[in-house]
Novice: 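What follows is a single structure, and I will ask about it in a moment.
In what follows, residues are counted from 1 in the order of the sequence shown. When reading the values below, keep in mind they use all heavy atoms of this one structure, side chains included, and skip hydrogens, waters and symmetry mates. Both ligands and their constituent atoms are indexed starting at 1 by order of listing.
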Amino acid sequence: MASIGINKIKSNPVVDKLRSGQPSVGSWLSLCSPVAAETMAQMGWDWLVVDAEHSPVGFETMVNCFRAVQLGGAVPMARVPWNDTVWIQRTLDAGALGLVVPMVNTAEDARSVVNNMRYATKGQRSFGGSRIAAYIEGDYRTWTEENLAVIVMIETAQAVENAEAILGTEGVTGCFIGPSDLALSLGVHPSETGPGTVHEEAIQAVLAAARKTGKAAGKHCYTAPEVTLRIGQGFQFLALASDLRFMSQAAREEFNAIDFTGATADGAAEAKGSLY
Ligand code: 3PY
Ligand code: MG
């Protein structure tokens, strides 16, 4: 019988790339739409994160987004709303191959994240199966120990202070800087970023801590040139914007390009190509 479908994987491609020092670039899914997730996955991102912290996504939609991401050829991940045992367990059972966990401020917080993501005797995740186990070669329970991407968010002044201890925590794959919360925590306006600012100083301190501990540093980036810049600096786990931003940006540009007076009409303007 002919079959199309998803090949089983031996290891997590995201973790493999980060451990070998390569950059791994993805984006965020905030639209709560499996169709948007599938379309995004076809672009070639390494991974896509379903954002359960700042989007209204429900669990059943999240599972369908994971399926769509996998079908499109990227690694399904999620950002949980908090370092919460129940959220982490349910999101991993739903099929995430890695989690981004917000507001990890101390090494103790980081140990607790790892503990929540691991089965006994290494942690406290309860076993109830995970739908992703069917796509893994070998025993999912032992596979998770080395293969789940454990990405802790560094997005407060306290976390920057503790970056080395957080990143040095056994089981942490890497960190991810949230530039907006970091700005809030530092008491600076979100526009007060870039070279010469305390915000950038904090970002570079986190990068230095990642280098020292041999873990991956990451950041949420606003533009493709910023992703390029951060790769050049040595950052590895980089997200570019979100499906919501891409949609609103393109829609805004197109809408703003309409001349409602018709005065600048161009006879050759009828576009060819797909409307979808
Ligand atoms: C932040 O900027 O605070 C974020 O959490 C980005 O993902
Ligand atoms: Mg944040």
Side-chain angles (χ1 to χ4, degrees), residues 14 18 23-32 36-37 40 45-57 62 65 69 74-84 87-88 91 96 98-106 109-110 113 149-163 166-167 172-194 197-207 210 216-224 226-227 229-231 233 235-249:
V14 176
L18 297 179
S24 183
V25 178
S27 186
W28 236 235
L29 300 176
S30 303
L31 284 174
C32 312
M40 282 282 280
W45 308 103
D46 286 326
W47 45 266
L48 289 164
V49 165
V50 178
D51 190 5
E53 185 189 17
H54 289 304
S55 88
V57 71
M62 184 157 67
C65 287
V69 167
V75 171
M77 294 182 63
R79 174 163 72 177
V80 288
W82 202 251
N83 174 25
D84 175 81
W87 258 99
I88 287 180
T91 307
L99 296 181
V100 178
V101 181
M103 298 286 179
V104 174
N105 292 324
T106 62
D109 289 349
V113 170
V150 182
I151 307 292
V152 294
M153 286 198 71
I154 294 192
E155 50 183 349
T156 65
Q158 187 192 10
V160 174
E161 282 281 297
N162 294 325
I166 292 170
L167 279 158
V172 166
T173 313
C175 70
F176 186 68
I177 296 171
S180 305
D181 278 314
L182 181 60
L184 282 174
S185 172
L186 293 170
V188 300
H189 190 269
S191 64
E192 291 170 45
T193 58
T197 62
V198 289
H199 192 265
E200 186 59 29
E201 214 172 278
I203 289 170
Q204 294 304 321
V206 174
L207 179 61
K219 184 182 179 291
H220 212 154
C221 297
Y222 296 93
T223 62
E226 191 197 348
V227 174
L229 171 78
R230 298 303 181 185
I231 289 173
Q233 291 175 338
F235 280 89
Q236 291 181 262
F237 186 80
L238 293 159
L240 173 56
S242 65
D243 55 359
L244 176 59
R245 220 290 302 282
F246 294 135
M247 188 205 71
S248 59
Q249 184 177 325

Novice: Counting only nitrogen or oxygen atoms and a 3.5 angstrom limit, does E155 reach ligand 1?
Specialist: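 Looking only at distances, the answer is yes, because the N/O contact criterion of under 3.5 Å is met.
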
Novice: Only N/O/S atoms count here: what is the atom of D181 closest to the Mg ion (ligand 2) called?
Specialist: OD2

Novice: Look only at the side chain of D46 and the backbone of G26, and say whether a donor-acceptor pair between them is shorter than 3.5 Å.
Specialist: no

Novice: Checking the N or O distance criterion of under 3.5 Å, is ligand 1 in contact with F176?
Specialist: no

Novice: Return the NZ to SG distance between K219 and C175, rounded to the nearest 0.5 Å.
Specialist: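 Answer rounded to 0.5 Å: 12.0 Å.
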
Novice: When rounded to the nearest 0.5 angstrom, what is the spacing between CG in N162 and CG in D109?
Specialist: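 That separation rounds to 9.0 Å.
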
Novice: Please verify the inter-ring angle class for W28 with W47; under 30° counts as parallel, over 60° as perpendicular, anything in between as tilted.
Specialist: perpendicular

Novice: Just by distance, do the side chain of S27 and the backbone of L48 share a donor-acceptor pair under 3.5 Å?
Specialist: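 Pair absent, no side-chain N/O of S27 close to backbone of L48.
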
Novice: Do you know which N/O/S atom name in E155 is closest to the Mg ion (ligand 2)?
Specialist: OE1

Novice: Under a 4.0 angstrom heavy-atom cut-off, which atoms of ligand 1 come close to R79?
Specialist: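 Near R79, meaning under 4.0 Å from one of its heavy atoms, ligand 1 has 4 (C), 5 (O), 6 (C), 7 (O).
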
Novice: Can you tell me if H54 contacts ligand 1 (heavy atom of the residue under 4.0 Å from the ligand)?
Specialist: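 No; H54 lies far enough from ligand 1 that no heavy-atom distance drops under 4.0 Å.
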
Novice: Just which atoms of ligand 1 are under 4.0 Å from any heavy atom in D181?
Specialist: 1 (C), 2 (O), 3 (O)

Novice: Can you tell me if E53 has a non-hydrogen atom under 4.0 Å from ligand 1?
Specialist: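 Heavy atoms of E53 never come under 4.0 Å of ligand 1.
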
Novice: Grab the two heavy atoms, one from L244 and one from L31, that are nearest each other, plus how far apart they are.
Specialist: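 For L244 and L31, the tightest heavy-atom pair comes out as CD1-CD2, 3.6 Å.
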
